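Right, one structure below, let's go through it.
Bear in mind the structure is a predicted one, so any value in this text is a computation, not a measurement.
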Protein chains: 2
Amino acid sequence: MENDKTNFDSRSLDKTYHNPTEATLERIGGKWKTAILCLLAEQGAQRNGEIMRMLSPVTQKVLTRQLKELEADGLILRTVFPEVPPKVVYELTESGWSLRTVLDPLCEWGKRFVKADKSV
Amino acid sequence: MENDKTNFDSRSLDKTYHNPTEATLERIGGKWKTAILCLLAEQGAQRNGEIMRMLSPVTQKVLTRQLKELEADGLILRTVFPEVPPKVVYELTESGWSLRTVLDPLCEWGKRFVKADKSV
DNA sequence: CTGGATCCACCCTGATACTG
DNA sequence: CAGTATCAGGGTGGATCCAG
């Protein structure tokens, strides 16, 4: 009755993809995931509060979920420092770093598209 | 009362993106869009029925919507041949072709991830 | 052959309030 | 500071029937 949060890590087991791109998009497709990954890639390890501030209007709950999913997919590493007050740091894993080959073009194309869109 | 279908092309006007990647993902993020784009990139121009068969369990309505959105975003070109029976051909535009720089890494990473996932 | 119209169901996101 | 619980809303995919 409390394992209704683990639905996101069951997809990688039985899912059949029509296209390899689906596998990627399912992992970075969350609304804030690419922003998180880019942030960690550019700024290095960040605390929860830092990420929250950088992503402006994201709520704690949603951010936590995105982070948990990213962690479950092995893209980021979550480290808890046993201190008071609590301190949690997120950073990219090796697999997360390998996403730069995906995120960079994604970012580049987005910038070009938006620019072209405005110039019309 | 009949313009409730144009909601998908209004996002590019007022949307503020937290990250350039969002702009890209919003255009290729549909469930079948990457598959469509990859298909058109690899197989060239295709008819509606062809695409439908290639993407197996997609329904006509959903496929049509994805195609319309891709067309509205200027990624594919829709050509109607005034024949009986009707013949409609979809093909990539220049902008659509430029997406290969995004789709290729997306595809590559997906293949590697799935493979690594299974090898665990 | 191609595409529109409905109705439906699910998932994801978001707002708020609360806990350690 | 970090995370959870609950509830509500919107978007999106899907099944089916209908039309040119």
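In this structure, the CG atom of L55(B) is 14 Å from the P atom of dT2(C), given to the nearest Å. The CG atom of L63(B) sits 16 Å away from the P atom of dT12(D) (whole-angstrom rounding). Summarising the geometry, the separation between CD on E26(A) and C1' on dC11(C) is reported as 12 Å, rounded to the nearest angstrom. Per the geometry, NZ belonging to K31(B) stands 14 Å off C1' belonging to dG11(D), to the nearest Å. Taking atom CZ on R78(B) and atom P on dG4(C), their separation rounds to 7 Å, with Å as the unit.
Within the structure, side-chain hydrogen bond (donor to acceptor under 3.5 Å, both in side chains) contacts touching residues 82-94 of chain A (residues at least two apart or in different chains) are R78(A)-Y90(A). Evaluation of the side-chain hydrogen bond (donor to acceptor under 3.5 Å, both in side chains) test over residues 37-54 of chain A, restricted to residues two or more places apart or in two chains, returns N48(A)-Q60(A), E50(A)-R53(A).
The listed nucleotides are dT13(C), dT12(D), dG3(C); the one nearest the side chain of R65(B) is dT12(D).
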Could you run down the sub-3.5 Å N/O contacts of the protein with nucleotides 15-20 of chain D?
none

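Note: the hydrophobic cluster containing L77(A) does not contain L67(A) (ILVMFWY, side chain heavy atoms under 4.5 Å, direct or indirect links).
Put simply, the side chain of W109(A) does not reach to within 4.5 Å of the side chain of R100(B), judged on heavy atoms. Proximity of T101(A) to E108(B): side-chain heavy atoms (C-beta onward) are nowhere separated by under 4.5 Å.
The residue V88(A) sits close only to the backbone: its heavy atoms come under 4.0 Å of sugar-phosphate atoms, none of a base. Within 4.0 Å of E83(A), counting heavy atoms only, lies no atom of the nucleic acid at all.
Not a single donor-acceptor pair under 3.5 Å links the side chain of D73(B) to the backbone N or O of L75(B).
Contacts of residues 42-54 of chain B with DNA chain C (heavy atom under 4.0 Å): R47(B), N48(B), G49(B).
For V84(B), there are no side-chain contact (heavy atoms from CB on, under 4.5 Å) partners two or more places apart in sequence or in a different chain. Listed by chain and residue number, nothing satisfies the salt bridge (charged side-chain N to carboxylate O under 4.0 Å, His left out) test with E71(A) (two or more places apart in sequence, or in another chain).
Note on Y90(A): a side-chain N or O is less than 4.0 Å away from OP1 or OP2 of dG3(D).
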